[in-house]
Structure formats: structure tokens, C-alpha cells
Amino acid sequence: RSPAEIGRMRSDAEGKVGALAEVIGGTCVVANLCPAKFACIGCAGNAPDPDKRYQIEQKMAWAREHALWSTREKLFPEERRLNQLVQDCELMLEEMSLIEQAQQDSLQTVQIETAESGVA
């Protein structure tokens, strides 16, 4: 998702019942019942907030540690679930980086110089 698309999702959700709840890593933009059963990381309704990057990093570290434990215990379905959570965290961190880049880009000013007629 692009930063503009995530911003649009937040704007569309404003004023709707149940939307804009603060969740891990961002803000929920889902106005109806939770489609992800409150598994907010990896949910398309979670608009990432770069200021909450630390939350995702902590969750990812936890998931990696528990995935290793699950492997040792031969709990392979749990290991798959935790590895998917790590992938979802990585994607969310990438989205946060894109948002930060877009915010930096929006602060830049563009100056257009035109050549006068007859001057090349």
C-alpha cells in the first residue's frame, strides 16, 4: 500500500463508528466488526504509524523467539503462525518506512526555472 492510499483509508474512516481505534503499530480504519479478530498486525485495516515502529519491532522480536521455541517443541503449526507474524511485521515496517519517506518528500520545495524565449 502506498502512503497516499493509507492516508485515504484514515480519512475515509473518520467519523465512522468503531473506526480510528489505536492498535498495535497504527490506527484501525475498519468501521465494522473486526475482520481479523483483533490480529492487527497484517490486517489491511491497520494504517501504520511510523511513531509506533517500536511496537512492531518488539512484537517481531517476540515472535522470532517464540518461533524458535515452537520449532524445538515440534509445534509446527504454531511455528508457521509465528513465522507469518514475523513476515507481517516486516511488511508493516516497510510501509512505515515508505510513509516516512513520503513525509520527508512532502517537505521538499520544488523550484521550476524556465528559459526565456530565444535563449537555449
Side-chain angles (χ1 to χ4, degrees):
R1 300 177 293 182
S2 71
E5 182 180 357
I6 292 169
R8 251 191 327 277
M9 289 169 51
R10 285 185 73 149
S11 296
D12 290 346
E14 282 188 71
K16 295 182 180 174
V17 175
L20 300 179
E22 293 301 314
V23 295
I24 186 167
T27 304
C28 180
V29 296
V30 177
N32 301 319
L33 293 175
C34 179
K37 298 180 182 164
F38 303 101
C40 301
I41 298 175
C43 177
N46 186 347
D49 180 353
D51 292 336
K52 296 181 178 182
R53 177 181 292 274
Y54 72 94
Q55 293 175 349
I56 301 304
E57 290 169 343
Q58 287 176 350
K59 187 72 164 190
M60 186 166 63
W62 175 88
R64 283 184 172 146
E65 181 181 329
H66 283 77
L68 291 173
W69 175 83
S70 297
T71 303
R72 286 192 306 270
E73 296 294 319
K74 296 181 176 33
L75 301 171
F76 301 118
E78 182 70 3
E79 176 191 9
R80 280 193 303 275
R81 184 185 70 80
L82 290 165
N83 286 330
Q84 181 61 52
L85 177 58
V86 169
Q87 289 178 354
D88 292 340
C89 286
E90 289 171 346
L91 179 60
M92 198 160 185
L93 290 172
E94 286 178 37
E95 290 177 336
M96 287 178 174
S97 294
L98 288 173
I99 291 168
E100 289 169 334
Q101 289 172 359
Q103 288 170 343
Q104 290 173 357
D105 287 349
S106 69
L107 298 175
Q108 294 182 14
T109 57
V110 177
Q111 184 175 356
I112 300 174
E113 294 182 23
T114 58
E116 294 181 16
S117 300
V119 178

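Numbers here are sequence positions counted from 1. Heavy atoms only: backbone and side chains are in, while hydrogens, waters and symmetry mates are out.
Counting non-hydrogen atoms of neighbouring residues, nucleotides and ligands closer than 6.0 angstrom, the CG atom of Leu107 exceeds 12 such neighbours. The number of heavy-atom neighbours closer than 6.0 Å to CZ of Phe76, taken from other residues, nucleotides and ligands shown, is above 12.
Linking ILVMFWY residues whenever their side-chain heavy atoms come closer than 4.5 Å, directly or via other members, leaves Ile24 and Ile99 in distinct clusters. Taking hydrophobic clusters as Ile, Leu, Val, Met, Phe, Trp and Tyr residues chained together by side-chain heavy-atom distances below 4.5 Å, Leu91 does not share a cluster with Ile41. When hydrophobic clusters are built by joining Ile, Leu, Val, Met, Phe, Trp and Tyr residues whose side-chain heavy atoms come closer than 4.5 Å, directly or via intermediates, Leu85 is grouped together with Ile56.
At a threshold of 4.5 Å between non-hydrogen side-chain atoms, the residues Leu82 and Trp62 count as touching. Using a 4.5 Å heavy-atom threshold, the side chains of Glu57 and Leu93 count as touching.
Shortest non-hydrogen contact noted between Gly45 and Val30 is CA-CG2, 3.7 Å. Nearest heavy atom pair, residue Val86 against residue Ala63, reads CG2-CB, 3.7 Å. Shown here for Gln55 and Val23, the closest heavy-atom pair between the two residues is OE1-O, 4.0 Å. Scanning all heavy atoms of the two residues, the minimum distance from Val29 to Ala47 falls at CG1-CB, 4.0 Å. For the pair Pro48 and Met96, the tightest heavy-atom approach, listed with the atom from each and the gap, is CB-CG, 3.8 Å.
Qualifying salt bridge (charged side-chain N to carboxylate O under 4.0 Å, His left out) partners for Glu79, counting only residues two or more places apart in sequence or in other chains: none. Remark: Arg80 pairs with no residue by the salt bridge (charged side-chain N to carboxylate O under 4.0 Å, His left out) rule, at least two apart or across chains.
If you run salt bridge (charged side-chain N to carboxylate O under 4.0 Å, His left out) between Arg53 and each of Glu95, Glu94, Glu100, only Glu100 comes through.
A salt bridge links Glu78 to Arg81: at least one charged side-chain nitrogen sits closer than 4.0 Å to a carboxylate oxygen.
Separating the CD atom in Gln84 from the SG atom in Cys89 is a distance of 10.0 Å, to the nearest 0.5 Å. The OG atom of Ser70 sits 10.5 Å away from atom CD of Glu65, with the distance rounded to the nearest 0.5 Å.
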Q: Apply the test side-chain contact (heavy atoms from CB on, under 4.5 Å) to residues Leu75 and Trp69: give CA-CA distance (whole Å), side-chain angles for both, the deciding distance (0.1 Å), then the verdict.
A: CA-CA 9 Å; Leu75 301 171; Trp69 175 83; 3.5 Å; yes
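Inspection of the Asn83 and Gln87 side chains reveals no N or O donor paired with an N or O acceptor under 3.5 Å.
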